[in-house]
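Written below as structure tokens is the structure these notes are about.
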Amino acid sequence: AKAEGRNQCKFYAPVMNESVQHRYSIESRLRNALEHGEFLLHYQPQMDLRSGAVIGIEALLRWNSSEEGLVAPDRFISIAEETGLIIPIGAWVIAQACKDNKSLQQAGVPKLPVSVNLSARQLTPSSLIAAVEAALHAARLLPTFLKLELTETAIMSRPEEAHGIFLRLNEFGVKFAADDFGTGYSSLSYLQRFPMGQVKIDKSFIQDVAHNSNDAAIAQAIISLGHSLGMTVIAEGVSSPEQVEFLRARSCDAIQGYYYSKPLPLAELQAFLMPDCQ
Ligand code: C2E
Ligand code: CA
Ligand code: CA
Ligand code: CA
């Protein structure tokens, strides 16, 4: 799966390298993509390290472009953010993730929270709260089966707005996770103000965790910090048995990464979650 990812990067490099003048054309292509239903979600399952059970799924956006095939988010999210298109695209992601999660539940899959990534630009209280409530209502999904992933960078770019959103939706029953944890500058202070249920150790610390003592120390510190704040700790980008052993030995709660599963289309995820039915 790693080799696949690398090929994808090469193949889609032109999208990323578009010059500033061509950003407009990407913008209009993204607008078109939204109108013509070219976005889809893949889902990556998360595994509890003690029981081996699936504990959640993360929705990851893909663009099925007529010109380029399946395009990964790193190629277009930043342009969507700069142009503000991330707001309608993000609302579509929230609605689709709720809908897909409900359909998994109706198929008899054990109920799991679905995690959705939010960009800073989406942290406008009135529109985000409305989008979340509308999505839950339309899908008839309980709020507790939706989790919002916020990075420190997003929170710190709009701390007041983020806090209002957090308080309101948290009270409503929606869950939160601190994404890409450890990569920002004021990580310790924001966790106090945003008592989220879950902290996700960024994959940049996991990559060499079994061999690099600095990365190991950071991962260990995040696990201790998370636990002492009553949070569950999940490691991102876990792809090897050595990483799993390291994390298990240090009481990390859960993992997400190619070791367990790559992100899957909904039908494949359902098969993954219900192996007996295949
Ligand atoms: P992220 O939130 O940190 O998501 C995890 C990324 O790591 C995903 O990349 C996932 O496919 C990749 N990954 C999973 N397991 C492994 C592994 O074992 N090794 C390695 N090296 N990578 C692994 P993806 O799907 O390309 O998404 C990239 C980023 O795009 C995400 O990073 C997130 O920040 C952003 N993104 C994705 N979907 C959305 C969305 O709906 N809205 C917004 N605003 N951002 C999104
Ligand atoms: Ca994430
Ligand atoms: Ca990350
Ligand atoms: Ca991220």
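All heavy atoms count here, side chains included; hydrogens, waters and symmetry mates do not.
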Just wondering, do [Y] and [X] contact through their side chains at under 4.5 Å, heavy atoms?
{"X": "Leu112", "Y": "Leu273", "result": "yes"}
{"X": "His163", "Y": "Phe194", "result": "yes"}
{"X": "Lys111", "Y": "Phe145", "result": "yes"}
{"X": "Ser261", "Y": "Met47", "result": "no"}
{"X": "Val174", "Y": "Leu136", "result": "yes"}
{"X": "Leu104", "Y": "Ile57", "result": "yes"}
{"X": "His42", "Y": "Leu70", "result": "yes"}
{"X": "Arg75", "Y": "Trp63", "result": "no"}

How many angstroms lie between atom [atom1] of [X] and atom [atom2] of [Y], to the nearest 0.5 angstrom?
{"X": "Met196", "Y": "Asp179", "atom1": "CE", "atom2": "CG", "value": "9.5 Å"}
{"X": "Gln270", "Y": "Ser103", "atom1": "CD", "atom2": "OG", "value": "6.5 Å"}
{"X": "Leu266", "Y": "Asp100", "atom1": "CG", "atom2": "CG", "value": "4.5 Å"}
{"X": "Lys262", "Y": "Phe272", "atom1": "NZ", "atom2": "CZ", "value": "12.0 Å"}
{"X": "Thr183", "Y": "Ile218", "atom1": "OG1", "atom2": "CD1", "value": "10.5 Å"}
{"X": "Ile86", "Y": "Ile79", "atom1": "CD1", "atom2": "CD1", "value": "11.5 Å"}

[X] and [Y]: which non-hydrogen atoms are nearest, and at how many Å?
{"X": "Phe205", "Y": "Phe181", "value": "CE1-O, 3.5 Å"}
{"X": "Tyr260", "Y": "Gly52", "value": "OH-O, 4.3 Å"}
{"X": "Gln122", "Y": "Leu118", "value": "OE1-CA, 3.5 Å"}
{"X": "Arg158", "Y": "Ala120", "value": "CD-O, 3.6 Å"}
{"X": "Ala162", "Y": "Leu123", "value": "CB-CD1, 4.0 Å"}
{"X": "Ile165", "Y": "Phe176", "value": "O-CZ, 4.3 Å"}

Test log, rule side-chain contact (heavy atoms from CB on, under 4.5 Å), inputs Val71 and Arg62: CA-CA 6 Å; Val71 184; Arg62 304 288 181 259; over 6 Å; no
Side chain to side chain donor-acceptor pair (under 3.5 Å) between Gln198 and Lys147, intermediate numbers included: CA-CA 10 Å; Gln198 187 176 59; Lys147 188 180 286 185; 3.0 Å; yes
Looking only at atom types and distance, does a side-chain atom of [X] sit under 3.5 Å from a main-chain N or O of [Y], one as donor and one as acceptor?
{"X": "Glu38", "Y": "Ala33", "answer": "no"}
{"X": "Gln243", "Y": "Ser240", "answer": "yes"}
{"X": "Ser78", "Y": "Asp74", "answer": "no"}
{"X": "Asn212", "Y": "Asp215", "answer": "yes"}
{"X": "Thr124", "Y": "Ser127", "answer": "no"}
{"X": "Asn117", "Y": "Glu149", "answer": "no"}

Check ion pair [X]-[Y] (N to O, under 4.0 angstrom):
{"X": "Glu160", "Y": "Arg193", "answer": "yes"}
{"X": "Arg29", "Y": "Glu68", "answer": "yes"}
{"X": "Arg31", "Y": "Glu35", "answer": "no"}

Side-chain donor-acceptor pair under 3.5 Å between [X] and [Y], yes or no?
{"X": "Glu67", "Y": "Ser65", "answer": "no"}
{"X": "Glu58", "Y": "Gln46", "answer": "no"}
{"X": "Lys200", "Y": "Gln256", "answer": "yes"}
{"X": "Arg50", "Y": "Ser251", "answer": "no"}

Derivation of the side-chain contact (heavy atoms from CB on, under 4.5 Å) call for Thr151 and Met156: CA-CA 9 Å; Thr151 63; Met156 290 310 162; over 6 Å; no
Single-linkage hydrophobic cluster, 4.5 Å side-chain cutoff, [X] and [Y] together:
{"X": "Phe172", "Y": "Val114", "answer": "yes"}
{"X": "Val233", "Y": "Ile255", "answer": "yes"}
{"X": "Leu41", "Y": "Leu60", "answer": "no"}
{"X": "Met231", "Y": "Ile222", "answer": "yes"}
{"X": "Leu191", "Y": "Ile201", "answer": "yes"}

Matching residue for Cys252 among Val238, Ile206, Val209, Leu49 - test: side-chain contact (heavy atoms from CB on, under 4.5 Å): Leu49
Where at least one partner belongs to residues 79-92, residue pairs that pass side chain to side chain donor-acceptor pair (under 3.5 Å), sequence neighbours excluded: Arg23-Glu82, Glu81-Ser119
Selection residues 165-178 - residue pairs positive for side chain to side chain donor-acceptor pair (under 3.5 Å), sequence neighbours left out: Glu133-Arg168
Full working for side-chain contact (heavy atoms from CB on, under 4.5 Å) between Val109 and Leu269: CA-CA 10 Å; Val109 167; Leu269 175 81; over 6 Å; no
Verdict with reasoning, Phe39 to Asn64, per side-chain contact (heavy atoms from CB on, under 4.5 Å): CA-CA 6 Å; Phe39 290 114; Asn64 192 8; over 6 Å; no
